Amino acid sequence: MSPDYSAILAAIASEVAPLTREGKVADYIPSLAEVPLEQFGMAVVTLDGRRYSVGAADQRFSIQSISKLFALTLAFRQLGDELWERVGREPSGNPFNSLVQLEHESGKPRNPFINAGALAVTDVLCRHSVNAELAVLHFLRRLSGADDVQFDHAVASSEAQTGHRNAAMAHFMKSFGRIVSPVDELLNSYFHQCSIAMSCEELATAALFLANRGVVPATGERLLTASEAKRISAVLLTCGTYDAAGDFAYRVGLPAKSGVGGGIVAVVPGELAVCVWSPGLDANGNSLAGGMALERFTTLAGNSIF
Ligand code: GLN
């Protein structure tokens with residue numbers, strides 16, 4: 001019998017409510033610093049089309065690094081295994097915006113879910129599409145079924161003005177010959193992808209193909225082979241929540257991708273996708289209440305991958 005997801009989500013929302021007051025919004029991007037702290041939403045979408053939600057699950061927020069999952073899917077579709085010549089697939093054990101490993105590893109980022117790796121992936125998209133950020137936006141509209149999903153241009157320009165670390169990373173990788181596109185074009189595309197605003201319901205729907213061995217359940221469209229979907233899910237599990245990925249695997253036990261907007265999307269292979277949002281972040285840049293909500297979710301529903 002399927003777990004009672006409505007009851008589980010309601011219990012989680014009340015359990016984690018005190019945590020939504022803690023944590024810190026991502027103030028290094030000025031327009032994200034303005035997002036009120038005490039907010040929480042969570043949505044579950046099953047492969048057979050059932051939907052459950054609690055709190056502000058329909059409220060759009062800045063998806064930030066969650067975009068890296070969808071950009072990677074597009075680039076993997078374009079390059080296949082050749083992609084791994086440009087970006088690795090090992091956990092970094094370092095913060096998502098760290099530069100230190102790049103020097104030691106000749107400009108090849110450890111994985112596609114840290115910023116350096118996402119810049120390498122965006123570089124692939126810039127070379128294979130007319131407009132890389134529009135390719136990601138249209139992909140997300142198609143997957144979520146929400147045609148009005150948009151960039152938040154204020155967030156993108158706020159990050160462009162303050163994103164010196166990302167600019168440094170892009171130039172540094174280019175100095176190793178690992179970036180082909182002009183750095184300004186690359187950064188503009190990356191910041192726009194990160195600025196896309198979506199709700200928990202939309203993101204959970206968009207991630208369903210990963211839970212479904214690469215096929216979008218609503219349309220039957222195959223985006224990835226079952227083997228490719230398995231591989232992306234593996235990299236999500238080991239690298240999707242930055243240097244807290246080990247702790248997430250221990251506590252939650254699901255492939256998951258977080259973003260500094262406070263969202264986390266996760267998949268239960270063969271069953272469902274779940275997305276949680278609460279803007280207060282922990283020291284690693286993952287949503288504090290969101291991480292706890294997912295930990296409680298897999299505990300109460302008994303459905304982690306382990
Ligand atoms: N746009 C953010 C950055 O590049 C994304 C980081 C994140 O969500 N971890 O810093």
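Read the numbers this way: they start at 1 and go in the same order the structure lists the ligands and their atoms. It should be emphasised that the depicted structure is a prediction, and the values quoted were computed from it without experimental measurement.
- At a heavy-atom distance under 4.0 Å, only side-chain atoms of Asn166, from C-beta outward, approach ligand 1.
- The closest protein non-hydrogen atom to atom 7 (C) of ligand 1 is Ser65 OG, 2.5 Å.
- Scanning the protein heavy atoms around atom 4 (O) of ligand 1, the nearest turns out to be Tyr190 OH, 2.6 Å.
- Under 4.0 Å from ligand 1, the heavy atoms of Cys194 that appear belong solely to its side chain.
- Side-chain rings of Phe96 and Phe113 stay apart, their centers remaining 6.0 Å or farther from each other.
- Put simply, the side chain of Gln39 does not reach to within 4.5 Å of the side chain of Phe61, judged on heavy atoms.
- For Ser199 and Glu201, the side-chain atoms include no donor-acceptor pair closer than 3.5 Å.
- Ligand 1 places these atoms under 4.0 Å from at least one heavy atom of Phe96: 6 (C), 9 (N), 10 (O).
- Residue pairs that meet the ring pair (Phe, Tyr, Trp, His ring centres under 6.0 Å) test with at least one member in residues 64-92, sequence neighbours left out, are Phe76-Trp84.
- If you number the atoms of ligand 1 from 1 as listed, the ones under 4.0 Å from a heavy atom of Gly259 come out as 8 (O).
- Note on Val87 and Leu224: same hydrophobic cluster, where clusters join Ile, Leu, Val, Met, Phe, Trp and Tyr whose side-chain heavy atoms are under 4.5 Å apart, directly or indirectly.
- The protein non-hydrogen atom at the shortest distance from atom 3 (C) of ligand 1 is Glu159 OE2, 2.9 Å.
- For ligand 1, the polar-atom distance check finds an N/O of Val260 within less than 3.5 Å of one of the ligand's N/O atoms.
- Within the 3.5 Å criterion, the main-chain N or O of Glu185 finds no donor-acceptor partner in the side chain of Ser189.
- Looking at Tyr28 next to ligand 1, an N or O pair under 3.5 Å apart turns up.
- Among protein heavy atoms, the minimum distance from atom 1 (N) of ligand 1 is reached at Gln64 OE1, 2.5 Å.
- Remark: ligand 1 atoms within the under-4.0 Å shell around heavy atoms of Asn115 are 3 (C), 4 (O), 6 (C), 10 (O).
- Ligand 1 places these atoms under 4.0 Å from at least one heavy atom of Tyr242: 7 (C), 8 (O), 9 (N).
- Listed by first then second residue, pairs satisfying salt bridge (charged side-chain N to carboxylate O under 4.0 Å, His left out) with a partner in residues 261-275 number zero, not counting sequence neighbours.
- A salt bridge between Glu105 and Arg110 is present, with a side-chain N of the basic residue lying under 4.0 Å from a carboxylate O of the acidic one.
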